[in-house]
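Quantities reported herein were computed from a predicted structural model and do not represent experimental measurements.
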Amino acid sequence: MDTITTDNALKPAGHYSQAIVHNDMIYTSGQLAFDAETGEKRKATIEEETLQVLTNLELVLKEAGSSKENVLKTTIYISDIALWDQVNRVYAEFFGDHKPARSVVPTHGELHFGFHVELEAVAARG
């Protein structure tokens, strides 16, 4: 197993890795809407929060030798399913024609640090 660590994404604040690579498969930790450059929370609109989460995912995948086009599956945690249309719209724009398998998990309350979206992914190394 290889541990992925990049300065281009938020450093883990707990006992976990940004991603693990095993047999050319990448397993990312949940991504939250922290600005990787400043470490500040990116809490504005749900659309901006979602885009920051996806941008952070892309940074971790790049460090692992992959890209969003190689994402096989995502799991999205969302604080309120009523926000789903906005999250899905940003997600669809981000991935374009690529449609990874996906699970959506409503949490019925804010996520860690008061965020509304968290995303983890499994990807192939490109």
Side-chain angles (χ1 to χ4, degrees):
M1 284 187 287
D2 296 321
T3 301
I4 301 301
T5 304
T6 177
D7 291 333
N8 294 325
L10 189 68
K11 294 280 189 203
H15 189 74
Y16 64 94
S17 301
Q18 291 167 322
I20 295 289
V21 178
H22 180 67
N23 292 333
D24 286 330
M25 297 295 293
I26 303 162
Y27 303 87
T28 73
S29 290
Q31 301 298 309
L32 294 168
F34 281 99
D35 183 300
E37 290 182 22
T38 66
E40 297 294 317
K41 293 178 186 177
R42 182 80 187 266
K43 289 176 68 177
T45 67
I46 190 65
E47 292 88 354
E48 290 170 313
E49 189 175 321
T50 302
L51 183 58
Q52 185 66 57
V53 164
L54 292 165
T55 299
N56 292 349
L57 172 67
E58 194 167 29
L59 292 169
V60 172
L61 290 174
K62 182 178 179 183
E63 186 69 25
S66 191
S67 67
K68 65 183 179 181
E69 291 80 15
N70 291 326
V71 172
L72 303 172
K73 172 148 187 354
T74 62
T75 302
I76 302 172
Y77 302 91
I78 186 168
S79 66
D80 183 347
I81 202 66
L83 299 169
W84 179 243
D85 286 343
Q86 297 99 301
V87 171
N88 190 52
R89 200 167 21 257
V90 174
Y91 181 96
E93 266 183 42
F94 178 81
F95 280 107
D97 291 335
H98 181 54
K99 295 181 180 180
R102 177 177 75 188
S103 298
V104 178
V105 182
T107 63
H108 305 291
E110 291 180 342
L111 297 159
H112 201 45
F113 300 111
F115 287 115
H116 297 285
V117 178
E118 182 172 356
L119 182 141
E120 63 185 31
V122 177
R125 208 173 225 176

Apply side chain to side chain contact (heavy atoms under 4.5 Å, CB included) to residues Ile81 and Ile78 and explain how you reach the verdict. CA-CA 6 Å; Ile81 202 66; Ile78 186 168; 4.2 Å; yes
When rounded to the nearest 0.5 angstrom, what is the spacing between CG in Leu51 and CG in Asn56? 9.5 Å
Nearest 0.5 Å, please: how far is CD in Glu58 from OG in Ser67? 7.5 Å
With hydrophobic residues grouped by side-chain heavy-atom distances under 4.5 Å, do Val21 and Tyr27 end up in a single group? no
Which residue, Val53, Thr50, Leu54, forms the side chain to side chain contact (heavy atoms under 4.5 Å, CB included) with Val87? Thr50
Would you check if Lys73 and Ser103 make a side-chain contact, meaning some heavy-atom pair closer than 4.5 Å? yes
Tell me, with the steps shown, if Ile20 and Thr3 meet side chain to side chain contact (heavy atoms under 4.5 Å, CB included). CA-CA 5 Å; Ile20 295 289; Thr3 301; 3.7 Å; yes
Atom CG of Asp35 and atom CD of Gln52: how far apart are they, to the nearest 0.5 Å? 5.0 Å
Is Leu119 linked to Phe94 within one hydrophobic cluster, defined over Ile, Leu, Val, Met, Phe, Trp and Tyr using a side-chain heavy-atom separation of less than 4.5 Å? yes
Backbone N/O of Ile4 and side chain of Glu63: donor-acceptor pair under 3.5 Å: no
Path from Val105 to Leu111 over hydrophobic side-chain contacts below 4.5 Å: yes
Could you give the distance from CD1 (Ile26) to CD (Gln18), rounded to the nearest 0.5 Å? 12.5 Å
Is it the case that the side chain of Arg125 and the backbone of Ala64 share a donor-acceptor pair, with hydrogens and angles ignored and the cut-off at 3.5 Å? yes
Side chain Gln31, main chain Ser29, donor-acceptor under 3.5 Å: yes
Judged by atom type as modelled, is there a donor-acceptor pair below 3.5 Å linking the side chain of Thr74 to the main-chain atoms of Ala121? no
Does the cation-pi check pass for Lys41 over Phe113, that is, NZ or CZ under 6.0 Å from the six-membered ring centre and within 45° of its axis? no
What is the distance from atom CZ of Phe115 to atom OG1 of Thr107, rounded to the nearest 0.5 Å? 13.5 Å
Pair Leu72, Met25 - check side chain to side chain contact (heavy atoms under 4.5 Å, CB included), show working. CA-CA 10 Å; Leu72 303 172; Met25 297 295 293; 3.2 Å; yes
Atom pair CG (Leu61) and CD (Glu69), whose distance is rounded to the nearest 0.5 Å: 9.5 Å
Walk me through whether Tyr77 and Glu120 qualify under side chain to side chain contact (heavy atoms under 4.5 Å, CB included). CA-CA 9 Å; Tyr77 302 91; Glu120 63 185 31; 3.7 Å; yes
Under the side-chain hydrogen bond (donor to acceptor under 3.5 Å, both in side chains) definition, can you give me all pairs with a residue in residues 78-88, not counting sequence neighbours? Ser79-His116, Asn88-Arg102
So, for Ser66 and Ala124, which heavy atoms are closest and what is the spacing to 0.1 Å? OG-O, 2.6 Å
